[in-house]
Amino acid sequence: MCTVCGCGQGETKIEGDHEHEHRHEDGTVHSHAHHHDGGHAHTHPHAPGGLSYAPRHHHHGHEHAHAPGLTPGRMVQIEQDILAKNNGYASANRKEWKERGLFAINLVSSPGSGKTTLLVESIKRLAGRHPLAVIEGDQQTSNDAERIRATGAQAIQVNTGKGCHLDAHMVGHAFERLDLKEGGLLLIENVGNLVCPAEFDLGEAHKVVILSVTEGEDKPLKYPNMFAASDLMLLTKTDLLPHLSFDVAKCVEYARRVNPKIEVLQVSAKSGEGMDGWLAWLEQGVASAKN
């Protein structure tokens, strides 16, 4: 999981915010976001024990060899503190979204899977049917948010700098800047990474893992935590299947080997194949969240 290397510290930016950092005695960094109307805007609770907000670490999916001077026990404790803190923010997000009848999903994938293209086409097809907003996560640029906004939908970009995933604290702050009506759909596009986002609950109803047919059918076995954490796998770019040797049945079998309950839908944002099933899944979630 994300550990103690500290390489993502203090570079997160949310559109429209001014931020500054506080470095604590233990080396952690707490980035406060200040809105133009003044003051610290976040209302999320702090974790038990009054821990400072931990640095946005990102991990490399293996041993914790990037923290010289720290014992394994200390590193484990820091990891636990980070997740406890994140889970506190995630619980606050989930509570607020539930009270407002919002259906929130966390879209995760490797870079280049077609997440943003899928979102753009989905939003076009859902236009006018539900209140809708998007939180975009990326290390740099606001390109994805601009693509979403071109559809007419609300979107806010979170740039994580060196960080390789969104966390619940960032998402809570970004949500504060959206005007999403009750009973709506909140789409969170995480940073392209099949490792780190698996560990961080954002308060979402579901994680949806997106895997394109150009990536290889063995991804569920290579990155099992992500597929185990997700409730739905979207197999995208299926219009390219006639030109590839990708084995759909084997990929689905691999995904269900690590998560027997995972749902699977095949979609192509380009041809429209499978989009009705995907949109029906979203519609069902929106309806359930209202009840």
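A donor-acceptor contact shorter than 3.5 Å is absent between the side chain of Arg125 and the backbone of Leu279. Under the 3.5 Å distance criterion, the side-chain polar atoms of Glu136 are left unmatched by any main-chain donor or acceptor of Ile188. For Arg149 (side chain) and Ala155 (main-chain N/O), a donor-acceptor pair under 3.5 Å exists by modelled atom type. Lys219 places a side-chain N or O within donor-acceptor distance of the main-chain N or O of Glu215, the cut-off being under 3.5 Å. The backbone N or O of Leu202 lies less than 3.5 Å from a partner atom in the side chain of Glu204, making a donor-acceptor pair. Remark: the backbone N or O of Ile82 is not paired with any side-chain donor or acceptor of Asn86 at under 3.5 angstrom. Distance alone, capped at 3.5 Å, is enough to place a donor-acceptor pair between the Thr236 side chain and the Ser113 backbone. Checking side-chain atoms of Glu217 against main-chain N and O of Lys250 turns up no donor-acceptor pair under 3.5 Å. Ser230 contributes no side-chain N or O that, together with a main-chain N or O of Phe227, makes up a donor-acceptor pair within less than 3.5 Å. Judged by distance alone, with hydrogens and angles left aside, the side-chain atoms of Asn193 form a donor-acceptor pair with the main-chain N or O of Val195 at under 3.5 Å.
Taking all atoms of both residues into account, the shortest heavy-atom contact from Ala168 to Tyr89 is CB-CB, 3.6 Å. When all heavy atoms of Gly183 and Pro131 are compared, the pair lying nearest together is O-CD, 4.2 Å. Closest non-hydrogen pair, Leu178 versus Ala133, comes out as CD1-CB, 3.9 Å. Shortest non-hydrogen contact noted between Asp179 and Gln154 is O-NE2, 2.6 Å. The two atoms that bring Gln140 and Asn159 nearest to each other are C-ND2, 3.3 Å, heavy atoms only. In plain terms, the two heavy atoms of Ala205 and Asp231 that are nearest each other are O-OD2, 4.1 Å.
When side chains are defined from C-beta on, Arg257 counts as touching Leu221, because their heavy atoms get closer than 4.5 Å. With a 4.5 Å cut-off on side-chain heavy atoms, His130 and Lys290 count as touching. Proximity of Glu199 to Asn225: side-chain heavy atoms (C-beta onward) are separated by under 4.5 Å at one or more points. For the pair Lys207/Ile105, no side-chain contact is recorded, criterion being any heavy-atom separation below 4.5 Å from C-beta on. Side chains of Leu166 and Val158 form a contact here, defined as non-hydrogen atoms less than 4.5 Å apart. Two residues are said to be in side-chain contact when any heavy atoms from C-beta on lie closer than 4.5 Å; Asn106 and Val108 meet this criterion. With a 4.5 Å cut-off on side-chain heavy atoms, Thr238 and Val267 do not count as touching. Between Leu211 and Cys251, the closest side-chain pair of non-hydrogen atoms falls below 4.5 Å.
Aromatic ring orientation, Phe103 versus His206: perpendicular (interplanar angle above 60°, classes split at 30° and 60°). Ring planes of Trp278 and Trp281: parallel class, angle under 30° (limits at 30 and 60°).
Between the OG1 atom of Thr151 and the CD1 atom of Ile123 there is a distance of 4.5 Å, given to the nearest 0.5 Å. The distance from atom CG of Leu234 to atom CD of Glu263, rounded to the nearest 0.5 Å, is 10.0 Å. Here CD1 of Ile14 is found 8.0 Å from CZ of Arg177. Values are rounded to the nearest 0.5 Å. Note that the CG atom of Asn93 and the NE2 atom of His173 stand 10.0 Å from one another [nearest 0.5 Å]. Between atom CE of residue Met275 and atom NZ of residue Lys270 there is a gap of 14.5 Å, rounded to the nearest 0.5 Å. The line from CD1 of Ile135 to CD1 of Ile148 is 12.0 Å long, rounded to the nearest 0.5 Å.
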Start with the C-alpha gap between Phe175 and Leu186, add the side-chain angles, then the distance that decides, and say whether side-chain contact (heavy atoms from CB on, under 4.5 Å) holds. CA-CA 9 Å; Phe175 180 75; Leu186 177 62; 3.9 Å; yes
Please step through side-chain contact (heavy atoms from CB on, under 4.5 Å) for the pair His165 and Thr160, ending with a clear verdict. CA-CA 7 Å; His165 62 89; Thr160 58; over 6 Å; no
Given the rule in the side-chain contact (heavy atoms from CB on, under 4.5 Å) test, do Leu118 and Ile210 qualify, once you have shown the distances and angles that lead to the verdict? CA-CA 10 Å; Leu118 178 71; Ile210 298 174; 4.0 Å; yes
Set out, in order, the CA-CA distance, both residues' side-chain angles and the distance that settles side-chain contact (heavy atoms from CB on, under 4.5 Å) for Ser109 and Val209, then state yes or no. CA-CA 6 Å; Ser109 78; Val209 61; 5.6 Å; no
Quick one, Asp239 with Ser268, criterion side-chain hydrogen bond (donor to acceptor under 3.5 Å, both in side chains). Give me CA distance, side-chain angles, the key distance, then yes/no. CA-CA 6 Å; Asp239 56 291; Ser268 168; 2.7 Å; yes
Evaluate Glu283 against Arg129 for salt bridge (charged side-chain N to carboxylate O under 4.0 Å, His left out), listing each step before the verdict. CA-CA 9 Å; Glu283 296 271 14; Arg129 293 161 69 172; 2.3 Å; yes
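Residues Val286 and Leu180 fall into different hydrophobic clusters, defined by Ile, Leu, Val, Met, Phe, Trp and Tyr side chains chained together at heavy-atom separations under 4.5 Å. Met226 and Leu232 are assigned to two separate hydrophobic clusters, defined by single-linkage of ILVMFWY side chains at heavy-atom distances under 4.5 Å. Tracing side-chain contacts under 4.5 Å through hydrophobic residues (I, L, V, M, F, W, Y), one reaches Leu194 starting from Leu235; they form part of the same cluster. One hydrophobic cluster holds both Val120 and Leu126 under the rule that ILVMFWY side chains link at heavy-atom gaps under 4.5 Å. Note: the hydrophobic cluster containing Leu119 does not contain Leu102 (ILVMFWY, side chain heavy atoms under 4.5 Å, direct or indirect links).
Look at Arg94 and Asp201 and you find a salt bridge, because one of the NZ, NE, NH1 or NH2 atoms lies within 4.0 Å of a carboxylate O, short of that distance.
By the 6.0 Å contact criterion, CD on Gln284 is open, its count of non-hydrogen atoms from other residues, nucleotides or ligands being 12 or less.
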